[in-house]
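One structure is given here, and the rest of the page talks about it.
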Amino acid sequence: KQRNKMSLVAAYASSDEDGDAPPVPPPTLALVNSAPLLEPRMVAQEARKLDPRTKEIFYNPTVAELYAPTVGPQNPFVHQSESAVKNMFTGYVEPAEVSEFHFEDMRRTYNTLGYALDPSVDGQTRVIGDVDKALANGGNTMTTVQKSKGEARKRKERGDAASIDGYLGPWAGYVDEVKSSTPSEEQKAILETWKPEKKAKPAEGEEGAEADNSSSTLHIAQTEDYMGRSFLHPPADLGIKFGEAPERCFLPKKVIHTWSGHTKGVAAIRFVPTSAHLLLSGGMDTKVKIWEVYGSRRLVRTYSGHSMGIRDLSFNYNGSQFLSCAYDKTLRLWDTETGQCIQKFSTRKNVYCLKFHPSESLGHLFITGTQDKKVLGWDSRTGNVIQEYDRHLGAVNSVTFIDDGRRFVSTSDDKSIRVWEWNMPVDTKHIAEPNMHAMPTAALHPSKKFICFQSLDNTIVTYGAADRFRSVKKKTFKGHLVSAYSCQVNFSPCGTYLVSGDADGFACLWDWKSTKMYSKLKAHDGVCIDVEWNPNEPSRMATCGWDGLIKYWD
């Protein structure tokens, strides 16, 4: 039909006027198949090719597909060595497995004897290293070479495996082995001479039970004055308003008195709260002593009971009782006036710090920081642990109350600071920075808005003790040496000066506002471990050191 139409068009195009023109042949059209060429499904599946670099296949290929040659023409410009299959830059590495024992055996043999056996050769023995020495040793390694020292011990015969009673097997002993569960006569005679006398230890409360060795010694003739007041009552003839901090403080310059009652280093000193007319000291000689600060400055009483050096001391809110902890893993609650040991506590771990609760209503409670990463809350009336704060990752070094006892701050060997709500075992603030160091001691500013920590990178860092516990970068004090020592920091009563001990025996004083070091006093021959500013005096402070002395400065 198409051709007939085209012929009609050609006939229509010819007219009578062009009768002489030759006839136009009809045009021919090429046949074009516009359908795409599709291979059968089976043929496409058989033509699947795998790239040798493929690491993962998501279908099951046939053997022919796995071992089919690489698709595509061969590159004529590639060398034969480069056209080889590679799985790394230098060539093809075949996986091989060498047991750890054989590898260690060859390594020791090569380092000791100078040769080793090549494990990559199958069926042959190829020596790497000193071939002559390998031939001399018969190719033995460190595990097969014969020992030249002495002869090997001979074992007894294993016996017949068919005999149940007579078969020893691999458990057969040595021929010269002597098995005896009792000592010989000579050994018995020696043991009898060294045998200690053992006595049955009676239970607590029974007759003959070991009593508490706590005691105290009074060093003054009269315990009461003419009005019946004990030494705990502050003197009234000094003209000092006890409990009122001076408005302005001054730098101490010289020593006005030295107490020398301890036979070893002094670890801690504490003024009696409010009046500060008595000074409590604990030394490495296991003794706790209390001294007069005014008048003749006598030694008043000595408290004995610990078997190892004192670590820390703490008065309660009114000074009638105090706590002491020592390296004998015990805590003791003392009556300041009578010297009686009221209660003895033990955690079976060293206690590094302790603090009484500052409020009067909760004055019977105290907290301790222990060696086993815990802060424990105690009731001094019952001697029981009432709360456990277990979040630190290292030994707890210091505990400090803030917000009038509603919160407290703890530092640890894990180089972190944690803020706790009282009687809540979950920390509300955790500060741990990569540039922080351990902070063994801390002190609260008299304004109660800041808290300073002694950092073991020879600096004193400051944090805000208000609602937001943040670092105060501008209040960083430097210039002293305290690395590896837990030197105490303290403030003047008005908060103008900051004072700290030093590893070289200095007492360093800084201005709180400008962080400038104003004075550096040579206080002790050894480490100046603790400093305490008298809360009622504008320029008097006490220092103690490992030379066994306590000095009072003005």
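- Expressed to the nearest 0.5 Å, how far NZ of Lys349 lies from NZ of Lys329 amounts to 6.5 Å.
- No side-chain donor from either of Gln321 and His364 sits under 3.5 Å from a side-chain acceptor of the other.
- Between Ala326 and Asn350, the closest heavy-atom pair is O-OD1, 4.3 Å.
- Between Tyr463 and Phe469, the ring planes lie parallel to each other; the angle is under 30°, not in the 30° to 60° tilted range.
- At distances below 3.5 Å, at least one donor-acceptor pair connects side-chain atoms of Asn458 with backbone N or O atoms of Ser483.
- Using a distance-only test at 3.5 Å, with no hydrogens or angles considered, no donor-acceptor pair links the side chain of Asp457 to the main chain of His437.
- Between Tyr352 and Asp312 there is no side-chain heavy-atom pair separated by less than 4.5 Å.
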Start with the C-alpha distance between Ile290 and Phe322, add both sets of side-chain angles, then the distance that settles side-chain contact (heavy atoms from CB on, under 4.5 Å), and finish with yes or no.
CA-CA 11 Å; Ile290 193 165; Phe322 71 90; over 6 Å; no

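- With a 4.5 Å cut-off on side-chain heavy atoms, Val266 and Ile529 do not count as touching.
- Residues Val375 and Ser410 approach most closely at CG2-CB, 4.2 Å, considering heavy atoms.
- The side chain to side chain donor-acceptor pair (under 3.5 Å) test with His306 singles out one residue from Asp285, Thr286, Asp328, Asn213, and that residue is Asp328.
- Remark: His219 NE2 is packed, more than 12 non-hydrogen atoms of other residues, nucleotides or ligands lying under 6.0 Å away.
- Pro440 and Tyr485 get closest at one heavy-atom pair: CG-O, 4.1 Å.
- The shortest distance between side-chain heavy atoms of Met439 and Asn397 does not fall below 4.5 Å.
- Under the 4.5 Å side-chain criterion, counting only non-hydrogen atoms from C-beta, Ile431 is in contact with Met436.
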Give the intermediate values and the outcome of side-chain contact (heavy atoms from CB on, under 4.5 Å) for residues Glu532 and Arg270.
CA-CA 7 Å; Glu532 287 284 324; Arg270 299 289 182 268; 3.7 Å; yes

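- Thr368 has its side chain out of reach of Cys325: every pair of non-hydrogen atoms, C-beta onward, lies at least 4.5 Å apart.
- Nearest heavy atoms, Ala134 versus Val127: CB-CG1, 3.7 Å.
- Judged purely by distance below 3.5 Å, without hydrogens or angles, the side chains of Tyr327 and Arg311 pair a donor atom with an acceptor atom.
- One distance of note links CZ of Arg107 with OG1 of Thr112; it measures 8.5 Å at 0.5 Å rounding.
- Two residues are said to be in side-chain contact when any heavy atoms from C-beta on lie closer than 4.5 Å; Tyr389 and Arg418 fail this criterion.
- Ring geometry for Phe408 against Trp420 counts as parallel: the plane angle stays under 30°, on a 0 to 90° scale with 60° as the upper cut.
- When all heavy atoms of Leu313 and Ala268 are compared, the closest pair comes out as CD1-O, 3.9 Å.
- With hydrogens and angles ignored, the 3.5 Å screen pairs no side-chain donor or acceptor of Asp504 with any backbone N or O of Phe506.
- For the residue pair Thr217 and Thr302, no side-chain donor N or O sits within less than 3.5 Å of a side-chain acceptor on the partner.
- Partner Cys452 forms a side chain to side chain contact (heavy atoms under 4.5 Å, CB included) with one of Val461, Thr462, Leu444, Thr400 and no other, that one being Thr462.
- Under a cut-off of 6.0 angstrom, the local environment of CG in Asn435 is crowded, with over 12 non-hydrogen atoms contributed by other residues, nucleotides or ligands.
- At most 12 non-hydrogen atoms from other residues, nucleotides or ligands lie less than 6.0 angstrom from CZ of Arg470.
- Judged purely by atom type and a 3.5 angstrom limit, Arg301 uses its side chain to pair as donor or acceptor with the backbone of Thr338.
- The distance from the CH2 atom of Trp171 to the CZ atom of Arg158 is 9.0 Å, given to the nearest 0.5 Å.
- In the displayed structure, Lys415 atom NZ is contacted under 6.0 Å by at most 12 heavy atoms of other residues, nucleotides or ligands.
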Working note: Asp427 + Arg391, criterion salt bridge (charged side-chain N to carboxylate O under 4.0 Å, His left out); need CA distance, chi angles, decisive distance, verdict.
CA-CA 8 Å; Asp427 50 337; Arg391 303 281 285 184; 3.2 Å; yes

Stepwise side-chain contact (heavy atoms from CB on, under 4.5 Å) test for Gln454 and Ser486:
CA-CA 8 Å; Gln454 183 80 266; Ser486 58; over 6 Å; no

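- A donor-acceptor pair is defined here as one N or O able to donate and one able to accept, closer than 3.5 Å; no such pair exists between the side chain of Asp390 and the backbone of Lys374.
- Under the 3.5 Å distance criterion, the side-chain polar atoms of Thr441 are matched with a main-chain donor or acceptor of Cys487.
- A distance-only check finds no donor-acceptor pair linking the side chain of Asp335 to the backbone of Gln340 [under 3.5 Å].
- Qualifying side chain to side chain contact (heavy atoms under 4.5 Å, CB included) partners for Thr476, counting only residues two or more places apart in sequence or in other chains: Thr459, Lys478.
- A heavy-atom distance below 4.5 Å is found between the side chains of Trp378 and Thr347.
- Put simply, CG on Asp502 and OG1 on Thr543 are 12.0 Å apart, with the number rounded to the nearest 0.5 Å.
- Gln343 has its side chain out of reach of Ser380: every pair of non-hydrogen atoms, C-beta onward, lies at least 4.5 Å apart.
- In this structure, the side chain of Gln371 does not engage the main chain of Gly394 through any donor-acceptor pair within 3.5 Å.
- Across every non-hydrogen atom of Ala465 and Asp403, the tightest pair is O-OD1, 3.8 Å.
- In this structure, the separation between CD1 on Ile310 and OH on Tyr303 is 12.5 Å, given to the nearest 0.5 Å.
- In this structure, Lys522 contributes its side chain and His524 its backbone to a donor-acceptor pair below 3.5 Å.
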Go through Arg348 and Asp372 one step at a time and tell me if the side-chain contact (heavy atoms from CB on, under 4.5 Å) criterion holds.
CA-CA 10 Å; Arg348 299 183 180 179; Asp372 59 346; over 6 Å; no

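- Side-chain atoms of Ser500 never come within 3.5 Å of backbone atoms of Cys508 as a donor-acceptor pair (strictly under, hydrogens ignored).
- Each of Phe345, Phe315, Phe401 was compared with Phe366 under the ring pair (Phe, Tyr, Trp, His ring centres under 6.0 Å) criterion, and only Phe345 meets it.
- Atom-to-atom distance recorded for Asp130:CG and Tyr110:OH is 9.5 Å, nearest 0.5 angstrom.
- Heavy atoms of other residues, nucleotides or ligands lying less than 6.0 angstrom from CZ of Phe103 number 12 at most.
- Remark: Glu157 CD is loosely packed, at most 12 non-hydrogen atoms of other residues, nucleotides or ligands lying under 6.0 Å away.
- If you check the side chains of Ser163 and Asp160, you find no donor sitting under 3.5 Å from an acceptor.
- Salt-bridge annotation for Lys373 and Asp413: absent, with no side-chain N of the basic residue lying under 4.0 Å from a carboxylate O of the acidic one.
- The side chain to side chain donor-acceptor pair (under 3.5 Å) search around Ser412 returns Asp414, not counting sequence neighbours.
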